[in-house]
Amino acid sequence: MDADSRRDRLEELDPELAAELDAEEEEDEHTLPSLPNADAYEEIRMRAAPNPNGPWHLGHARMPSVIGTYKERYDGHFIVRFDDTDPETKRPDLAAYDLIVDDIEYLGFEPDEVLRASDRLETYYEYARELIEMGGAYTCDLPGAEFSELKNSGKPSPNRDKDSETVLEEFEAMVNGEYHSGEMVLRVKTDITHKNPALRDWVGFRMIDTPHPREEAADYRCWPMLDFQSGIDDHLTGVTHIIRGIDLQDSAKRQRFLYDYFDWEYPEVLHWGHVQLDAYDVKISTSTIKQLIEDGELDGWDDPRAPTLRSVRRRGIRGDAIVESMIGLGMSTSDVDLAMSSIYANNRELVDDTANRYFFVRDGVSVPVIEGPQAGHPPLHPDHDDRGTRTIPVSDAVLIEQDDVPALDDRVWLKGYGCVRYTDDGFVYVGEDISAVREDGVAVIHWTPDNGSVPVRMRTADGDVTGHAEPEFTETSVDDIVQFERIGFARVDTHTDEESVTYYTHP
RNA sequence: GCUCCGAUGGUGUAGUCCGGCCAAUCAUAUUGCCCUCUCACGGCAAUGACCGGGGUUCAAAUCCCCGUCGGAGCACCA
């Protein structure tokens, strides 16, 4: 019995079981696991919480890909919240706020809401005051190293038992900017003997002397730490499912103390490992890329060598291809290596059908053509006759790639033109009997006229490649994805009188 | 040092919660063949994995213990 007839037989015997199996199979169509406890919530609400310190690199795509996919699956809500609460060591880049939203849109998702933590300081202060009144926090002027020593041996800070009036007073002084960086912090009172030292009395607010780059937030000096800010915001914005990296594994544990004070329910949490991309020499980190750009090693965020979303976008990779690969990584907590070839495979599937074919000869050598037809007419796309053919005039010589030059007296097939024999005088036209290719194994190569070809620069991750494309290449539009036959796909970037620039997509 | 987490082919993943249908899924990769006036697309095939050791059991990728390896946190970064 084959699968179908087995299924039919089961339907007769036990329709309920059959239906159940069908339901399971449907479940399997989602590559991502179901969200924990999804049924318990009226609306699934998730947030991505990027730090706006630059446009996104490839690794960043995982968050919106997964959240966006879940949003579509559960008809949920997608918040982008910029956690820009460190104007100094994680200084926000003002342009990055919009660039990141733009990157998310490139991936094919539209956030339902965009928030900035730096707009919400007063809210954090209010909750801090409430916490202080409950006795859940204390101001502490111990230098970090000193506290760390006490903490590691399970001993409390001498400030721990201050009465809440004093704490409140000192906290207001923090808010008013009466302390300088390092002089005073507000600690959340947890359990100073907790077996995990990472959770003991963590810092909720600290002083930062450097003004925030956003004008609206430039006057604040007392800034919340991620665990405080994010914990408050997740609750206030009704986030039901938090998805984040393993580096924040302890965050949930820290924030639970906060939630317990306020008697809130902590959202469901999922963690995942880091994504490494193969195929890049450049280390994947926003600050490293930024540095390389400043040093002039890279031309910008969209340099073809940069492992950024702006770069692969310019190369003609569709956001969907990236999302598919990211979804394929699943939700495992261990670190994963993502092969660029997986993104390329997805992209090839998306662009092959639309990409028209053109000839691009890299560093061509000129060979005279003797006594042949005036022009060649290869198809625009092998699977779409309706798109018609190109016309490539021969003039009296053609350019072919060095590697394609045949041995003396050997034949070669100029694609879309015909068979030629290589002699001392150049290519002598032999005819268009295709059996030369089918039966005699004559190599089919691409070519352009020596006269009237279009100078093309193709930018690749390994540097620029120059050469000439057939004349009709100028008819393509900017943003078109084409396939240079026998070379690979490329995105048309600019056409000028001097040259056309393309970006190499992938083979 | 203290505390967490993880380990299935080259890569990613399914299966692990609730042991048997798993001599282990799917994708990608690589190789070969077919198709082809491209080294694209498509089709077919091959390659290749349960970290190690104990234990429980009629039966272990799955449960338990030990080890090994890897990752994360112990910041007035996010």
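Values below: all heavy atoms of this structure, side chains included; hydrogens, waters and symmetry mates excluded.
Proximity note for A:Arg357 (side chain, C-beta onward) versus B:A40, B:U3, B:G71: the nearest is B:A40. Nearest nucleotide to the side chain of A:Asp337, out of B:A40, B:U11, B:G6: B:U11. Side-chain atoms of A:His274 lie closest to B:A72 of the nucleotides B:A72, B:A40, B:C2. Closest to the A:Lys195 side chain, of the nucleotides B:U3, B:C76, B:G6, is B:U3. For A:Gln249, the listed nucleotide lying nearest its side chain is B:G71; candidates were B:C74, B:G71, B:C77. Of the candidate nucleotides B:C76, B:A72, B:A78, B:A78 has the atom lying nearest to any side-chain atom of A:Asp83. Residue A:Val336 has its side chain nearest to B:G12 when only B:C74, B:G12, B:A40 are considered. When each of B:C37, B:A40, B:G73 is scored by its nearest atom to the side-chain atoms of A:Asn196, the top-ranked nucleotide is B:G73. Across B:A40, B:G73, B:A29, the shortest atom-to-atom separation from the side chain of A:Ala198 is found for B:G73. Side-chain proximity of A:Ser148 to B:U38, B:A72, B:A75: nearest is B:A75.
Note: A:Tyr125 and A:Phe171 have perpendicular aromatic rings, judged against thresholds of 30 and 60 degrees for the angle between ring planes.
If A:Asp383 and A:Asn346 are placed on RNA chain B by their nearest nucleotide, the residue sitting closer to the 5' end is A:Asn346. Where A:Arg348 and A:Asp141 meet RNA chain B, the nucleotide closest to each residue was compared, and A:Arg348 sits on the side nearer the 5' end.
Rounded to a whole angstrom, the distance from the P atom of B:G54 to that of B:G70 is 23 Å. Here, B:G53 and B:U47 have their P atoms 25 Å apart, quoted to the whole Å. B:G1 and B:C65 have their P atoms separated by 22 Å, with the value rounded to a whole Å. With both ends at atom P, the span from B:C44 to B:C35 equals 15 Å, rounded to whole Å. For the P atoms, the distance linking B:A46 with B:A24 amounts to 13 Å, nearest Å. Across B:A61 and B:A23, the matching C1' atoms stand 13 Å from one another, rounded to whole Å. Remark: the separation of the C1' atoms in B:C33 and B:A49 is 26 Å, to the nearest Å. Across B:G20 and B:U62, the matching P atoms stand 11 Å from one another, rounded to whole Å.
If you check distances only, the side chain of A:Lys90 does reach the base of B:C77 with a donor-acceptor pair under 3.5 Å. Between the side chain of A:Arg486 and the base of B:A40, no donor-acceptor pair of N or O atoms lies under 3.5 Å.
Between A:Ser341 and B:U11, a side-chain N or O to OP1/OP2 separation shorter than 4.0 Å is absent. Contact between the side-chain N/O atoms of A:Arg221 and the OP1/OP2 oxygens of B:C76 is not found at any separation under 4.0 Å. Look at A:Ser342 and you won't find any side-chain N or O under 4.0 angstrom from OP1 or OP2 of B:A27. Taking side-chain N and O atoms only, A:Lys151 has a distance below 4.0 Å to OP1 or OP2 of B:A75.
Look at CD on A:Glu324: it is 22 Å from P on B:U11, rounded to the nearest Å. Computed from coordinates, the A:Ile208 CD1 to B:C76 C1' distance equals 8 Å when rounded to whole Å. For the pair A:Ile400 CD1 and B:C39 P, the interatomic distance rounds to 17 Å; values are reported in whole Å. At whole-Å resolution of the value, CG in A:Asp247 and C1' in B:A78 are 8 Å apart. Per the geometry, CG belonging to A:Leu350 stands 17 Å off P belonging to B:A27, to the nearest Å. In this structure, A:Trp413 atom CH2 and B:U36 atom P are separated by 14 Å, rounded to whole Å. Computed from coordinates, the A:Glu401 CD to B:U38 P distance equals 16 Å when rounded to whole Å. In this structure, A:Arg256 atom CZ and B:G73 atom P are separated by 19 Å, rounded to whole Å.
B:G19: no Watson-Crick or G-U partner with both key distances under 3.5 Å is found in any strand. B:C33 and B:G43 make up a base pair, with Watson-Crick or G-U wobble contacts both under 3.5 Å. Partner assigned to B:A7 is B:U68, using Watson-Crick or G-U wobble distances below 3.5 angstrom. Nucleotide B:G1 is matched to B:C74 when pairs are restricted to Watson-Crick or G-U wobble geometry with both distances under 3.5 angstrom. Applying the Watson-Crick and G-U wobble criteria (two distances, each under 3.5 Å), B:U38 pairs with nothing in any strand. The pairing partner recorded for B:C26 is B:G12, the criterion being a Watson-Crick or G-U wobble arrangement whose two distances lie under 3.5 angstrom. In this structure, B:C50 makes no Watson-Crick or G-U wobble pair, since no nucleotide meets both defining distances under 3.5 angstrom.
Side-chain N or O atoms of A:Asn51 include none that pairs as donor or acceptor with a backbone N or O of A:Pro92 at under 3.5 Å.
In this structure, A:Leu277 reaches neither bases nor backbone, as no heavy-atom distance under 4.0 Å exists between it and the strands shown. Residue-level contact check: A:Gly182 touches the bases, meaning some heavy atom is under 4.0 Å from a base atom. Across all strands, A:Pro143 comes closer than 4.0 Å to base atoms (heavy-atom distances). At a threshold of 4.0 angstrom between heavy atoms, the contacts of A:Leu248 include nucleobase atoms, whether or not backbone atoms are also involved. Among the atoms of the strands shown, none is found under 4.0 Å from any heavy atom of A:Ser230. Contacts of A:Leu329 with the nucleic acid, taken as non-hydrogen atoms under 4.0 Å apart, involve only primed sugar atoms and P, OP1 or OP2. Using a 4.0 Å heavy-atom distance criterion, A:Pro382 is classed as a base contact. A:Ser332 comes within 4.0 angstrom of sugar-phosphate atoms only, judged by non-hydrogen atoms across all strands, and of no base. At the heavy-atom level, A:Phe359 lies nowhere under 4.0 Å from the strands shown. Residue contacts for A:Val185: at a heavy-atom cut-off of 4.0 Å it reaches a base atom on one of the strands shown. Note on A:Met184: nothing from the nucleic acid sits closer than 4.0 angstrom, heavy atoms only.
Between A:Arg81 and A:Ser230 the shortest side-chain heavy-atom distance falls below 4.5 Å. Looking at heavy atoms from C-beta onward, A:Glu183 lies out of side-chain contact with A:Asp141 at the 4.5 angstrom threshold.
For the pair A:Arg357 and A:Asp352, the salt-bridge criterion is met [side-chain N within less than 4.0 Å of a carboxylate O]. By the 4.0 Å N-to-carboxylate-O rule, A:Arg47 lies too far from A:Asp233 to be salt-bridged with it. For A:Asp119 and A:Arg214, the salt-bridge test passes: some basic side-chain N is under 4.0 Å from an acidic carboxylate O.
Just one residue in the list A:Val351, A:Leu58, A:Asn347 forms a side-chain contact (heavy atoms from CB on, under 4.5 Å) with A:Ile317, and that residue is A:Asn347.
In this structure, A:Phe427 has its ring center closer than 6.0 angstrom to the ring center of A:Tyr422.
The local environment of CD in A:Glu88 is crowded, with over 12 non-hydrogen atoms from other residues, nucleotides or ligands closer than 6.0 Å.
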